[in-house]
Amino acid sequence: MTCLPKSAPAKKLGLVIDLDICVGCQACTTSCKEWNAGGRAAPVTDYDAYGATPDGVWFNRVHGYEVEDGGSGRTVYFPRSCLHCDNAPCVTVCPTGASFKREADGIVLVDEDKCIGCKLCSWACPYGAREYDEDAGVMKKCTLCVDKIYNANLAPASRMPACVSACPTGARSFGDLGDPASGVSRLVRERGGYDLMPEQGTAPVNKYLPPRARTAEAAPLASAVNDRGHALLKWIDKVFSR
Amino acid sequence: MPSTPEPFVDTAPSVADDVQTTTCYMCACRCGIRVYLRDGQVRYIEGNPDHPVNHGVLCAKGAAGIMQHYSPARLTQPLKRIGPRGSGEFVAISWDEALTLATEWLAPLRARDPKQLAFFTGRDQSQSFTGWWAQQFGTVNYAAHGGFCSVNMAAAGLYSIGGSFWEFGEPDWEHTRYLLMFGVAEDHASNPIKRGLGQLKSRPGTKCVAINPVRTGYAAVADEWLGIRPGTDGLLIAALIHELLRAERIDWDYLVRYTNAGWLVIDAPGAADDGLFARDAEGRPLCFDLRTSSSGDALAAGSTPALVGARTLADGRSARPVFELLAARFLDAAYAPAAVADATGIAAETIARLAAEIASAALDSDFAIEQPWTDWAGRRHARMVGRPFSIHAMRGIAAHANGFHTCRLLHVLQMLLGAIDAPGSFRYKPPFPKHVPPAGTPATPGDPGLPLTRMPLGFPRGPGYLAVAADGTPQRLDKAFSWEHPLALHGMLQSVLHNAWAGDPYRIDTLFLYMANMAWNSAMNVPGTLRYLTDREADGSYRIPHVVYSDAYYSEMVAYADLVLPDTTYLERWDCISLLDRPISDADGAADAIRQPLLAPGRDVRPFQDVLLELGARLDLPNMTTEDGAPRYPGGYADYLVHHVRGKQQGPLAGWRGADGADSLVGAANPDQLERYVANGCFWREPLPESARYYKFANRDYLDYAERAGWIGSTQPVVLELYSEILQEFRLAAAGHGEHQPPDALRARLAQHFDPVPAWHAVEARHSEQDYPLYAVTQRPMHMYHSWGSQNAWLRQITSRNHLYVHDTLAERLALADDDWVWIVSPQGRVKAPIKRMQGVHPETVWTWNAIGKRRGAWGLDDAAPEATLGFLLNHLIPDMHAPDEHGRVHANADPVTGQAAWFDLRVRLEKCTAQEAGATAPEFHDVRGTHGPRGGHGPLRYGAALKGAPTGRHVAAQEVIGIHRGDGHDA
Amino acid sequence: MTPAFSIIFFTTASGAGYGLLFVLSLLVFDRALPAAFVLTALAVALTLVSIGLVSSTFHLGHPERAWRALTQWRSSWLSREGVAALACYGPALALGAAVAVGAPRETVIALALATGVLAAATVYCTSMIYASLKTIAAWHDRRVPALYLLLGAMSGLLLARFLLAAFALPAHGLPWVTVAIVLSAAQVKRAYWRAQAEHRSASSLGTATGLDRLGRPRVLQPAHTERNFLLKEFGFEVGRRHASRLRRLAIAFAFGVPLALAALSALPAFALPAATAAVVSAAFGLVLERWLFFAEARHTVMLYYGGAAPAPSRSVPTTGG
Ligand SMILES: Nc1nc2c(c(=O)[nH]1)N[C@H]1C(S)=C(S)[C@@H](COP(=O)(O)OP(=O)(O)OC[C@H]3O[C@@H](n4cnc5c(=O)[nH]c(N)nc54)[C@H](O)[C@@H]3O)O[C@H]1N2
Ligand SMILES: Nc1nc2c(c(=O)[nH]1)N[C@H]1C(S)=C(S)[C@@H](COP(=O)(O)OP(=O)(O)OC[C@H]3O[C@@H](n4cnc5c(=O)[nH]c(N)nc54)[C@H](O)[C@@H]3O)O[C@H]1N2
Ligand code: SF4
Ligand code: SF4
Ligand code: SF4
Ligand code: SF4
Ligand code: SF4
Ligand SMILES: [Mo]
């Protein structure tokens, strides 16, 4: 299945991430760890959990940037996970068929039992969304919580990607970006949702919403009193009842 | 070749054998969680969508609960010290031995002088229980951590508006249109704030402004960021007040109805009643009624008080309304935006614009909730008029020595705009508001062997309610409620170790601490604090003879205890989040919650509350034993939660009270109460009646409800105080009036700081600006909880070391590049740290993440862990005590009114490290691993491998084929 | 990119092996050669190829599943490379057998040509693994396949010259073909470095985050404070001065010295020592060249971590010769 689906997937499941309200809290990164630790890609190994070089497998990471805009600038937090690209180079380079994009919903997955751990897909992905498990010797990545979003063993409210359920600000939305009527598609339209590195030609499904423009300024207050003495005089007969 | 078929994907694997609810514990937000259990292990933790606190969301810590629960740093058995303090040399003992030892230490103290036990409980979520225990023991030396946390915020609020931010109130997230956030990095309402901000920002026409020297987190997403100079918020707020008054953009109606704006203040400089309210024979405050042109009951409904003008009272004394005093102060040109711009670092035009924006947001809104309500006087109002302007503030303004007044200034700003508990404004969460001040006064020492007559902590109503001896010396070890810090409502944990060591005001025998890492990140001046813990007398005995400590993990503090009482984790015990201490209510309803044990500890540990009850029984404390001497609560804390009743049939839990569970708030004990909680998702919430949800301080339906619940003593309205008579009473005492007199050395200090009208004054500069030109502050990382985060395998991967963040221009000036190392130098010492440049910080302020640096040997981490080798604490640089004043008195580095630790008054300079010095942090402390310090182990952690299905071992074989060595790892 | 020794070794060794197979196929086509020579050359080539292939599996997390890499030839250059590499063994071994049993010359020529074509195809596939990656501007360059092919041919020629000398067989025009190939390889490498120095990536931290809409982003906090897979795999940075020194060495050893020695090897008296030295020098130079190919390459992922845009250092040393 290293070839991409011949026709565009019926559904394009993905995430929309609102950079305007992401506070960089990392809830999406640890909730992702927590679901996937025992999930399809389990374990999401930690190599040196209590040691000198803490490092491990994460499907989602949140960066902090400052943007110099000529004024006072701004700080922007930026979560980064697999974008489930329509034109996923990570899939086409895979020599084993371990990487595949699902026909049904466009989710890009790795079949760990087939993966030989050549890492070529991680070289092909522009976004660093592939996470090689050095311990297991296979490539892992965001599964879009494929074992959660459809899982009839879970309460309906829990059938959401873990990162989306957890995100306290509501900066992460999940849905079918192939359906123009979906909530996520509407968000993308209304807020000018964009692709990361469009020049790479990957046609990402996930979209990012830009931080909003800062609001306009108000005029200062007009004086009602000239000075302290005037104010006290002016207010001496103010009548309000308790 | 045919196209390879798409691999089969199991989209609906079975996940758990059982899903149980409980309450998260990684911070004081106390969110509801659902814990998925599989094969006796935690498979997944998600937010409980039904829970009133988090509505299903989680934060990074909560979502890393698995790693918290399985932390290798967990204590496993009671420990008795055998080596010197700090060495970490222990022997493991049985619980019986541990409790026998504790009883042997404590019983004689109770018989002789109970205050020889200092029982302080840190980040305690069971304060109504631990405080009650201290009361039964008879020691006044009890408090939790609030003194070094945010007591300024609490005290200023409770002494002005009967509530505050934090657990006391919240912005009306749903309706507010304009939010000012002062000095908030994370706060206790972690998830509600994040949800609220997300909602607010996603609603068109709203604005949120962050006032903070640092632009990260909430300040990053704010629509406007004002990088203020630390410690000057009060000045900025005063300037806003100046602008509002100058433009007469204030809510006159609100001021007259709900605040003491019209109350008359006696104007008799030098006299004993100067600055007190003019009162009638019954003690009711007076106003000058413009309709009757005479003074009358200021509380009378329908009175029309004059707001300005000197009046002569019937007895000939002169008096002026509160509002005039306030207006006179803030209309002063000294508070004009242009006058404060330099000091605050915020341009005059910006301040003026801000004032215009908030006035417009609050006053020009047509927003109201169409809900009739009745006020305290029985008058019907057709609708609830909105003031969609709100404020949230936290330690950024509280943790300064001038923080009390800064917080009061904020409340004045809110009152002027009518923006307290109006739709769209700041709102109280039940059981707040309380009357000003709330009921209950601080305990003073009683007779040995007897319980205290009241809870140790309380609310002084004036100089006569302090815990001081006749000669004015403090009766409490921490000097809370003394003339030094009269309104230290939360005690002063930060002074306890110093004072016990110095014998000032006296020596103690036993220091009993519960979940407070006082040997590390909760201490100011860590090196000094370690000395207090280890200094000995000539005879070799320790100055603080006994230290008992309960922790759940091997923290830095453990190594300094003589007796360690190991606690359970949050998934292993019963707990209660009670309306009697720090509730989880929201503005629309009262709520409380429990934790239930979901996993058996499998270690020789016990819930601390169970241990306290058993210790209480062994000590034969009243109410902890039955008449025949048997334990009163043999079922431990769960038993207590259900059966303990106080006040008017209140208990730790407010839900499902009464024998049949039909009552709420008050009622007899219900033996099935915990089952009812569990069945309801481990929480209880009762929505307030719709008509009781706003204007609670004057809302009859609310006041009736709150009185019935026992939250307030009467249905009288809560009058919001622009002017504090209680503060003035302290000022009068300082001037020599009244029967309770402070030591002379403290008179000037009291006179300055007990200003009845909020005032801003610069924090006293104790060293030259030239030597220490920079401000240094810390922030909480959203994904770490104080020191506990670093033992969490996932959280520490995000942040296992910290940098000192430095503004580009400052870095340029000091020729510093990213990752250069500097000495951060304060009068207290120096700390070595790597720097990172940034733009979004006040140019003369440097900052770092709180509590990332760890001591070697603690928390189950490797000796070479970045936390210990590269991570650093600013705490080493923050003085706990100031140099003696001209009277030879040593004062705590704290607000003179409340005792709030002034963490953020730190001033420093930076010195670039030499090449030899760079690369490792300093100061270094010896490692504390000792005999029982756990080691997290090496090699890969494969948590969840077994939860997915039977491990196949296939990968391991493959690695061996190609001879790549990997550690043994540990499958879980 | 972090240079992985197994891959460097694989691409250079198997490149040389396939190069030798290719040259051998032309030699066999050109003239009748002693069986011993052909068999030895085949053995040398196949050994190099095999060692290279085996070494490449050291890079794998699951070498025991390496066979799976043959399945996706329709889309994956890595898979195609595997298929071509394995396919090449067929004619090559058959060629050996044919020579050993003294099969008719037509058969030998046919097998030799098949071997040569498959050898060239394999090297081309290898090069396309790199050249097809848009994420790494230093590799996504049309000169990369040409370089791989030329360098493979060059190694093959140098090895062939050495073997001819060892068997005391005449070289005919081979040294001059070698000189031409070395010169073209050097020329292409030079053009490649030039082009890379000029190259301005379309990707930047601004496009990677979309924050170019607001201004110029810079890193405030990395996602994690310690290193991770991405930084280990892609975060290697070679200092500019160090790189240009290594480039000069690579040019000297891979092109300069072999060029001179190849010419010198035309003199029968110097044939063996010159050819031997040329092989040794080229081996060293090509490993260096391949190391730089990795070390100087920048992956777009590094943009998120504040790494510069994926363009290698600007210094373009002039090629020798
Ligand atoms: N994730 C997480 N959550 C926590 C905690 C935790 O450790 N981790 N701790 C809990 C506890 S105990 C507490 S007390 C709360 C504290 O909650 P916060 O008060 O929100 O936490 P701090 O990190 O102390 O934040 C202080 C903020 O004030 C700013 N600041 C410093 N000085 C000034 C000043 O003079 N003026 C202004 N305007 N701002 C200033 C700092 O830059 C910082 O942003 O958080 C609670 N919640
Ligand atoms: N520089 C600087 N220092 C600060 C602050 C700052 O802003 N800047 N903030 C201050 C403030 S506001 C606070 S509140 C303090 C917080 O500081 P502390 O209250 O000391 O918080 P922790 O460091 O988390 O220590 C609490 C201890 O409780 C233990 N513990 C955790 N769970 C359990 C449990 O279930 N049972 C038991 N028995 N123990 C448990 C932990 O292992 C830890 O040792 O830090 C203060 N220190
Ligand atoms: S983001 Fe990367 S890993 Fe995910 S589909 Fe796109 S190319 Fe593949
Ligand atoms: S690492 Fe695995 S998934 Fe990635 S390309 Fe290689 S075989 Fe495919
Ligand atoms: S969708 Fe699931 S796997 Fe992907 S980042 Fe979110 S939580 Fe992780
Ligand atoms: S959980 Fe939401 S707010 Fe927090 S870092 Fe992730 S996307 Fe941002
Ligand atoms: S905010 Fe996070 S750590 Fe705190 S209680 Fe909620 S989920 Fe737990
Ligand atoms: Mo705190």
Side-chain angles (χ1 to χ4, degrees), chain A residues 2-4 19 24 29 53-58 61-70 73-76 78 80 89 91-98 114-120 122-128 131-134 136-139 194-201 208 210-211, chain C residues 1 56-57 59-66 68-82 129-130 132-136 201-203 205 207-211 213-230 232-234 299-305:
Chain A
T2 293
C3 292
L4 292 163
L19 299 183
T29 69
T53 51
D55 167 24
V57 180
W58 294 71
R61 298 175 189 257
V62 179
H63 298 251
Y65 299 106
E66 278 193 323
V67 187
E68 291 170 2
D69 58 5
R74 57 202 288 173
T75 305
V76 181
F78 182 85
R80 180 172 60 76
V91 170
T92 49
V93 298
C94 176
T96 62
K114 284 197 188 133
C115 174
I116 57 174
C118 69
K119 303 186 196 166
L120 188 56
S122 69
W123 294 9
C125 169
Y127 312 104
E131 288 273 328
Y132 183 66
D133 186 331
E134 293 169 18
V138 292
M139 197 53 76
Y194 61 81
D195 289 349
L196 303 184
M197 287 194 257
E199 66 279 5
Q200 289 280 335
Y208 285 73
Chain C
M1 296 291 293
S56 78
T57 65
H59 167 76
L60 301 181
H62 280 274
E64 82 286 5
R65 297 180 190 160
R68 289 188 179 275
L70 304 177
T71 58
Q72 305 301 315
W73 49 269
R74 289 178 311 125
S75 59
S76 165
W77 283 107
L78 178 52
S79 197
R80 288 172 193 156
E81 180 205 44
I129 296 173
Y130 303 100
S132 68
L133 293 174
K134 272 192 181 171
T135 47
I136 301 162
S201 171
S203 298
L205 179 54
T207 66
T209 56
L211 295 175
R213 281 165 183 72
L214 302 177
R216 210 165 57 83
R218 68 185 225 195
V219 172
L220 176 62
Q221 281 149 7
H224 292 203
T225 52
E226 304 306 309
R227 284 167 69 74
N228 59 19
F229 162 64
L230 299 174
K232 284 183 242 172
E233 189 75 3
F234 306 120
H299 195 284
T300 51
V301 161
M302 292 314 295
L303 295 172
Y304 291 106
Y305 289 88

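Only this structure's heavy atoms are used, side chains among them; waters, hydrogens and symmetry mates stay out. Letters go in sequence order (proteins before strands), and every chain restarts at 1.
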Subject >> Worked verdict on A:Tyr194 versus C:Arg213 for side-chain contact (heavy atoms from CB on, under 4.5 Å) >> reply: CA-CA 10 Å; A:Tyr194 61 81; C:Arg213 281 165 183 72; 3.1 Å; yes
Subject >> Note, A:Tyr65 side chain near C:Val219 side chain (heavy atom, < 4.5 Å) >> reply: yes
Subject >> Spacing of CZ belonging to C:Arg68 relative to SG belonging to A:Cys118, to within rounding of 0.5 Å >> reply: 13.0 Å
Subject >> Minimum heavy-atom distance between A:Ser122 and C:Phe229, given as atom pair plus value >> reply: OG-CZ, 3.6 Å
**OP:** Identify the two heavy atoms, one from C:Leu60 and one from A:Ile116, that lie closest to each other, and give their separation to 0.1 Å.
**Re:** CB-O, 3.4 Å
Subject >> Within-4.5 Å side-chain heavy-atom neighbours: C:Gln72 and A:Cys94 >> reply: no
**OP:** Go through the atoms of C:Glu81 and report whether side chain, backbone, both or neither lie under 4.5 Å from a heavy atom of chain A.
**Re:** neither
**OP:** Select one option (side chain, backbone, both, neither) describing which atoms of C:Leu133 are under 4.5 Å from chain A's heavy atoms.
**Re:** side chain
**OP:** Sort out for me which of A:Asp69, A:Val62, A:Val57 touches chain C most, counting heavy-atom pairs under 4.5 Å.
**Re:** A:Val62
Original post:
So, C:Thr207 and A:Glu199: side-chain donor and acceptor under 3.5 Å apart, yes or no?
Top reply: yes
**OP:** Measure C:Arg218 against the heavy atoms of chain A and call it side chain, backbone, both or neither at under 4.5 Å.
**Re:** both
**OP:** Kindly compute the distance separating OG1 (C:Thr300) from CE (A:Met197), expressed to the nearest 0.5 Å.
**Re:** 4.5 Å
**OP:** Below 4.5 Å from any heavy atom of chain C, which atoms of A:Thr75 appear? Answer side chain, backbone, both or neither.
**Re:** side chain
Original post:
In terms of heavy-atom proximity below 4.5 Å to chain A, should C:Ala202 be classed as side chain, backbone, both, or neither?
Top reply: both
Original post:
Taking only residues two or more places apart in sequence, or in another chain, which ones meet A:Arg80 in a side chain to side chain donor-acceptor pair (under 3.5 Å)?
Top reply: A:His63, C:Tyr305
Subject >> ring pair (Phe, Tyr, Trp, His ring centres under 6.0 Å) partners of C:Tyr130, counting only residues at least two apart >> reply: C:Trp139, C:Tyr148, C:Phe293, C:Phe294
Subject >> C:Thr71 side chain reached by A:Lys114 side chain, heavy atoms, under 4.5 Å >> reply: no
Original post:
Is there a side-chain contact between A:Trp58 and C:His224 (heavy atoms, below 4.5 Å)?
Top reply: yes
Subject >> For chain A, the option from C:Arg216, C:Gln221, C:Glu226 that forms the most heavy-atom pairs under 4.5 Å >> reply: C:Arg216
Subject >> Any C:Pro217 side-chain heavy atom under 4.5 Å of A:Phe78 side chain >> reply: no
Subject >> pair A:Thr96-C:Arg65: side-chain heavy atoms closer than 4.5 Å >> reply: no
Subject >> Over all atoms of both residues, closest heavy-atom pair of C:Lys134 and A:Gly201 >> reply: NZ-CA, 4.2 Å
**OP:** Please report the shortest heavy-atom distance between A:Pro95 and C:Ser79, naming the atom on each side.
**Re:** O-OG, 3.5 Å
Original post:
Under 3.5 Å, side chain of C:Arg227 to main-chain N/O of A:Asp55, donor-acceptor pair present?
Top reply: no
Subject >> Any donor-acceptor N/O pair, C:Thr135 side chain to A:Trp123 backbone, under 3.5 Å >> reply: yes
Original post:
Side chain, backbone, both or neither: which part of C:Leu230 has a non-hydrogen atom closer than 4.5 Å to chain A?
Top reply: side chain
Original post:
Does any N or O in the side chain of C:His59 come within less than 3.5 Å of the main-chain N or O of A:Gly117, such that one atom is a donor and the other an acceptor?
Top reply: no
Original post:
Which residue out of A:Pro210, A:Gly128, A:Pro211 racks up the most heavy-atom pairs below 4.5 Å with chain C?
Top reply: A:Gly128
Original post:
Out of C:Val301, C:Leu78, C:Thr209, C:Leu205, which one racks up the most heavy-atom pairs below 4.5 Å with chain A?
Top reply: C:Thr209
Original post:
Out of C:Gly82, C:Ala208, C:Ser56, C:Ser132, which one racks up the most heavy-atom pairs below 4.5 Å with chain A?
Top reply: C:Ala208
